[in-house]
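Notes follow the structure.
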Amino acid sequence: MKTLNFLLVASFLLNFNVYSQQKERLLDYAILVCNYRYTFYPDSNKTLGAVVSDMALQIGNNLSRFAEQVEIINDSLLYFDRFVNDPNLINKIVQNSINSNSHLFSGYSVYKNYPSKGDLYFIRIFSRNEHYCVKDNEKIIWKIDNSCDTVILGYRCKKATTFYRGRRYTAWFTLDIPISDGPYKFWGLPGLILMIYDTQNFHKFEVVSISKPYAGTPILLENVKNCFEVTPKDFVKVFFSRNIEFYNKLKRNEAGITLGKEDQAQLLRKIKSWNNYIEKF
Amino acid sequence: MKRFNRIATMLLLVFLSFSLNATNPPATDDSSEPGQICVTVIIKCGNGKGTIYNGCGTSEEVAQDLRDVINYMCR
């Protein structure tokens, strides 16, 4: 009888544990969603032209997530379908990704006020075994210019400037939305940043819409396992070296895809030219 | 007491069955081992040429592998 009781309790705890692990990924619910257009030049010579990624900032009561719109959608699909491995879901996700304008330069998630208030956490998943996490608590020092203002999307905005990771930025933020947040790792102003760009115009985030999502829109933690914890500087090194590694994998047919000679050469040229990551050290 | 044992055993079976379902999702026809799927995906973009990806794993793992493959091939 005692054994039976023990098994009952153990079984209940196992169920509870599985439920808890999945629930941990649900960090918060979004109360505001800001969509941004991220325009950037992947190569510093601007020879490849500008690239656009559609990004979203999900703001919750306790934390926020900034990521590609398509990743937020795909994460939700995978999360709600997590107990059923469905090949049709994979096809749907692939189609979503192909039809989107996601890019290697913007395939990250930036969490603010996570894991604790005041923390910034950056996650980049390159493949199932290559998860990188960066705890990045460098405070951005802003200079607010009270003499300048403009209107973006109907919101009155003030100007602020900063120097961050090798680039000089101009930001426009609004006190009408008194939330200290913004695209990418930019925050620390008394209002939401609606537009920010560097003086050379290599990287620019501009808001395209702000809306209240339907109740219960989840803010999910990316499904990270055995994350490599690195510094922001080391992450940039990894980012570039990994591009070369990926190419070598392709050559050795270890990437799971096969390419013709011409396509391989084209891909190498493309990878080599991608030298203009947003952070410079 | 016997009645209690019977009810307890039934409850235990229900719990265990749920546990196994939760930890090992049902295999699909395409799977090579329980809880995994094996997929062949043709990534068609840009110039119209298709790139074939083959991989096995959970939906999350396959999706994580495909994410950057698509970015490399299609952007």
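Within every chain, numbering begins at 1; the chains are lettered A, B, ... in the order of the sequence lines, protein sequences first and strands thereafter. Owing to the predicted nature of the structure, the values given are computational and were not obtained by experimental measurement.
Look at B:R67 and A:E71 and you find a salt bridge, because one of the NZ, NE, NH1 or NH2 atoms lies within 4.0 Å of a carboxylate O, short of that distance.
Only the side chain of A:R124 comes within contact range of chain B, with heavy atoms under 4.5 Å apart. When heavy atoms are compared at a cutoff of 4.5 Å, B:V62 approaches chain A by way of both its backbone and its side chain. Contacts between A:E222 and chain B at a heavy-atom distance below 4.5 Å involve the side chain alone, from C-beta outward.
A pairwise comparison of heavy atoms in A:K270 and B:Y72 identifies NZ-O, 2.7 Å as the closest pair. For B:A63 against A:I90, the heavy-atom pair with the smallest separation is N-CD1, 4.1 Å. In plain terms, the two heavy atoms of A:I125 and B:D68 that are nearest each other are O-OD2, 4.2 Å.
A distance-only check finds a donor-acceptor pair linking the side chain of B:D65 to the backbone of A:R128 [under 3.5 Å].
Within a 6.0 Å radius of NZ in A:K46, other residues, nucleotides and ligands contribute more than 12 heavy atoms. Around CZ of A:F239, the count of heavy atoms belonging to other residues, nucleotides or ligands within 6.0 Å exceeds 12.
Comparing A:N223, A:I93, A:I271 by heavy-atom pairs within less than 4.5 Å of chain B, the highest count is held by A:N223.
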With a cut-off of 3.5 Å and sequence neighbours excluded, list every side-chain donor-acceptor pair involving residues 47-55 of chain A.
residue, atom, partner, partner atom, Å
A:T47, OG1, A:D43, OD2, 2.6
A:S53, OG, A:N101, O, 3.2
A:S53, OG, A:S106, OG, 2.8
A:D54, OD2, A:N101, ND2, 3.2

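One side chain, A:S102 or B:N71, offers a donor N or O that lies under 3.5 Å from an acceptor on the other.
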